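Everything numeric here is computed off the predicted structure, so don't read it as measured data.
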Amino acid sequence: MFLATTALEKFWNKKDKILFLGEWCKLYDRKYEIESLDSKMLEFEWNDLEKQKDAIIYCNEVYENILDEMVVILNNYHNINQDKKYWRMLLSSWLLPFIQVAYDKYIHIKKAINIDSEIYSYVLNASDYYTPANFSDFMRQMTNNEQYHLQIYSQIFINLSLNYKVINSSKKQPKNKIIIINKEPLREKVLRVSTAVLNKLFNKKSTLITSVFFKKNTLQSILRLLFKSRFSLLFNNMNHNINIKEDASIDNRKILFKNNIDSDFQRILNNIFVYNFPIIFLEGYKNFDNKVSELSLQVPNLAFSSSALHGNDIFKFFVAKNKIKLLYRQHGGGYGLELLSSPEKIERDSADIFYTQGWSEGSKTIPLSLGINKDNITENYNINFIMTAMPRYVYRFNFSEDSSKMMVYIENSKQFLSNLKILNNLTIRQYKLDYKWNIKARLLEVNKNLKFDNKTNYYKQIAGARLNIFDHMHTGYLETLSIDVPTIIIIPKDVYCFRDGVKPYIRMLKDAKILFEDPIEASNFVNEIYNDIEDWWLSNEVQKVRAKFCHQYSRTSENWEDEWVEEFNRIMILSS
């Protein structure tokens with residue numbers, strides 16, 4: 001039997017019986033061609049939430065072990081002596097997801113072998129392999145590049161000593177290089193320079209503010225924070241230009257990652273590091289580190305961010321090297337809710353203090369409110385159906401509708417729409433990326449007259465609606481609940497997995513008819529209350545549940561600037 005690991009049909013043997021490794025192999029616009037093949041689909045391993053939980057725990061253990069090894073390897077390679085905290089801040093946003101991606105691919109290939117021990121596949125020629133420059137480049141490959149996923153499948157397949165045939169790619173990869181070109185807006189530059197000058201004139205202490213998103217009145221919020229803090233805040237999003245061109249030295253990497261590990265998966269993981277370990281941490285490290293130092297940035301007492309630990313290499317190198325105390329705030333809806341969250345782990349492990357939207361777990365997690373965003377509310381009679389989309393391939397482990405679970409998610413949404421009687425008043429807003437799921441075409445199978453709108457400003461669209469219906473639990477529903485706009489959430493059954501402390505709040509949302517796991521029950525309820533949405537939403541029961549849930553998971557305050565400044569001052573005093 002032939003194993004297809006990719007949607008690239010050049011790497012299929014259509015003359016043999018095909019086992020598709022996952023739904024990512026089958027593109028919607030090729031469905032008729034695929035239906036004509038003699039094929040079957042491998043069951044997605046992570047449909048079993050217990051197996052997914054065990055996989056996340058295992059990958060976390062591997063990650064900590066590998067990180068210990070990397071401290072020694074990278075310190076020796078660069079002839080430096082940095083501690084684990086330093087390397088964790090630099091590596092974790094790439095290392096943990098890469099381990100999870102590799103493990104997902106490893107497990108599914110092993111699962112296919114159990115079906116047919118003689119299974120074979122086509123693999124990518126090593127001359128077509130690509131080495132990511134940094135984390136941002138890695139994520140671009142994860143979400144947009146079929147060939148990069150094929151590369152990792154091929155490397156695992158070869159390391160398992162399975163039967164394969166090498167195929168050359170018709171798509172040549174670009175030259176490996178690190179180029180960080182940030183076009184700093186004039187307003188940002190003025191803010192960066194002016195806050196630095198004001199801080200030197202009026203305050204001896206400073207807190208660096210990088211990549212913190214204000215959803216409304218950004219400049220007003222910044223100015224109020226600045227004055228209330230007595231100019232102790234340095235606003236700098238680290239949008240500096242750094243241009244480095246470095247090639248991956250494969251021969252040196254083979255020596256560097258040579259191993260005698262007994263574990264089959266960890267042995268393979270070390271072998272595939274050769275081609276996949278980002279250049280910025282090896283060949284490009286010293287040059288990039290020097291370039292960051294040459295920026296001559298003012299070293300603050302504290303640093304505060306809500307997203308820079310992932311895509312901002314300048315921030316990570318600067319904060320880690322100068323051992324700046326890191327304050328970090330959650331950015332997203334799964335934090336504190338999902339049973340195990342990879343981005344939350346990455347951020348909490350690197351942060352000295354982690355700020356949440358209301359919940360707390362241990363002394364390092366502290367609630368910190370956001371501002372109330374009600375300015376955009378303009379009433380209308382529309383109902384919004386707000387959708388999401390996740391990449392076709394696993395790019396990290398999530399307890400949500402990722403990878404093949406997207407098929408369950410899409411079917412769930414189709415069932416809801418097919419039973420809805422007020423489609424004329426419904427507007428569908430898709431996620432900005434489709435990842436080749438072709439979601440719009442799939443929904444139009446339900447009703448060819450469905451209305452879509454992705455042009456209207458998102459915040460105006462959701463703030464002014466009579467009702468917002470979310471078919472997922474990411475970030476948007478927290479925003480509408482916090483500004484008290486009628487909200488209904490529909491999630492696929494057995495896709496999300498919540499922490500024990502969250503379950504009473506989930507039960508409350510269900511009892512108040514805010515959250516549903518059955519799309520037909522949800523659509524029946526919307527049909528029933530459409531003419532009296534306000535009566536349901538403004539009832540004491542629903543408002544009590546909304547307020548209690550928001551206090552725990554989407555806390556807002558009219559005095560949030562004072563609370564932030566007070567907290568920064570408190571940490572500054574404790575750190576003195």
Side-chain angles (χ1 to χ4, degrees), residues 82-83 85-86 88-90 182 184-214 217-240 242 289-309 312-329 331 347 350-356 363-371 557 559-576:
Q82 296 289 1
D83 59 15
K85 183 176 182 179
Y86 172 90
R88 184 189 296 279
M89 189 172 294
L90 264 58
N182 295 306
E184 186 178 30
L186 179 60
R187 188 173 71 174
E188 268 193 28
K189 185 175 182 178
V190 170
L191 189 64
R192 171 173 60 83
V193 174
S194 60
T195 55
V197 170
L198 288 168
N199 177 255
K200 287 182 178 180
L201 289 173
F202 298 107
N203 206 311
K204 294 180 180 179
K205 302 288 186 179
S206 60
T207 299
L208 171 67
I209 309 291
T210 301
S211 300
V212 176
F213 301 104
F214 304 99
N217 300 330
T218 302
L219 186 57
Q220 292 179 35
S221 297
I222 289 172
L223 291 175
R224 283 197 296 268
L225 282 171
L226 193 59
F227 282 105
K228 288 174 183 290
S229 72
R230 297 183 180 179
F231 307 108
S232 68
L233 305 183
L234 301 171
F235 286 88
N236 185 352
N237 283 336
M238 299 289 185
N239 284 325
H240 306 283
I242 293 182
D289 186 53
N290 288 336
K291 293 282 188 181
V292 173
S293 297
E294 289 169 7
L295 294 171
S296 299
L297 300 171
Q298 179 181 338
V299 179
N301 302 90
L302 308 172
F304 179 74
S305 183
S306 60
S307 65
L309 275 178
N312 196 321
D313 293 308
I314 297 175
F315 176 86
K316 290 189 289 185
F317 271 70
F318 175 68
V319 171
K321 186 173 186 177
N322 290 286
K323 301 188 184 305
I324 301 166
K325 192 178 188 73
L326 179 60
L327 316 180
Y328 210 82
R329 193 185 189 283
H331 177 70
E347 294 164 20
S350 287
D352 294 286
I353 296 177
F354 187 77
Y355 296 104
T356 75
S363 59
K364 275 182 62 175
T365 55
I366 299 174
L368 191 64
S369 301
L370 280 177
S557 170
N559 303 313
W560 69 275
E561 294 109 332
D562 294 315
E563 293 172 17
W564 282 34
V565 170
E566 182 181 343
E567 177 62 16
F568 295 154
N569 289 339
R570 183 183 75 85
I571 300 301
M572 192 78 73
I573 293 170
L574 291 174
S575 303
S576 299

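- In this structure, the side chains of Gln82 and Lys323 come closer than 4.5 Å at one or more pairs of heavy atoms.
- Within the 4.5 Å cutoff, the side chain of Leu233 has no heavy atoms near those of the Trp564 side chain.
- Between Val319 and Ala303, the shortest heavy-atom contact is CG2-CB, 4.1 Å.
- For the atom pair OH of Tyr328 and OH of Tyr355, the computed distance is 14.0 Å after rounding to the nearest 0.5 Å.
- Residue Ile366 holds its CD1 atom at 5.0 Å from CD of Glu567, rounded to the nearest 0.5 Å.
- Side-chain contact, Gln298 with Asn199: a donor N or O sits under 3.5 Å from an acceptor N or O.
- In this structure the side chain of Trp560 reaches within 4.5 angstrom of the side chain of Leu225, judged on heavy atoms.
- Here the OG atom belonging to Ser194 is positioned 10.0 Å from the CG atom belonging to Leu234, to the nearest 0.5 angstrom.
- In this structure, Thr195 contributes its side chain and Phe231 its backbone to no donor-acceptor pair below 3.5 Å.
- Lys321 and Ser293 share a side-chain donor-acceptor pair at under 3.5 Å.
- Heavy atoms from other residues, nucleotides or ligands lying under 6.0 Å from CD of Glu566 number 12 at most.
- Shortest non-hydrogen contact noted between Ser306 and His331 is O-CB, 3.0 Å.
- Between Leu574 and Arg570, the closest side-chain pair of non-hydrogen atoms falls below 4.5 Å.
- Remark: Lys364 NZ is packed, more than 12 non-hydrogen atoms of other residues, nucleotides or ligands lying under 6.0 Å away.
- Taking 4.5 Å as the limit, some side-chain heavy atom of Leu326 sits within range of a side-chain heavy atom of Met89.
- Considering only heavy atoms from C-beta on, Leu208 stays 4.5 Å or farther from Ile324 through its side chain.
- Between Val212 and Arg329, every side-chain heavy-atom pair lies at or beyond the 4.5 Å cut-off.
- Across all non-hydrogen atoms, the minimal contact from Val565 to Ser229 is CG1-CA, 3.8 Å.
- Side-chain contact between Ser211 and Asn237 is present, with heavy atoms from C-beta onward closer than 4.5 Å.
- Between Asp313 and Lys291 there is no salt bridge, since none of the side-chain N atoms of the basic residue sits less than 4.0 Å from a carboxylate O of the acidic one.
- With values rounded to the nearest 0.5 angstrom, Ser206 atom OG is found 13.0 Å from Leu198 atom CG.
- The CZ atom of Phe568 sits 13.0 Å away from atom CG of Asn301, with the distance rounded to the nearest 0.5 Å.
- Taking all atoms of both residues into account, the shortest heavy-atom contact from Lys189 to Glu184 is CA-OE2, 3.5 Å.
- Scanning all heavy atoms of the two residues, the minimum distance from Ala308 to Lys316 falls at O-CG, 3.9 Å.
- The line from CE of Met238 to CZ of Arg192 is 9.5 Å long, rounded to the nearest 0.5 Å.
- Salt bridge annotation for Glu561-Lys228: absent, with no cationic side-chain nitrogen under 4.0 angstrom from a carboxylate oxygen.
- Proximity of a side-chain donor or acceptor of Ser350 to a complementary backbone N or O of Glu347 within less than 3.5 Å is not detected.
- Taking each heavy atom of Ser305 and Phe315 in turn, the nearest pair found is CB-CZ, 4.1 Å.
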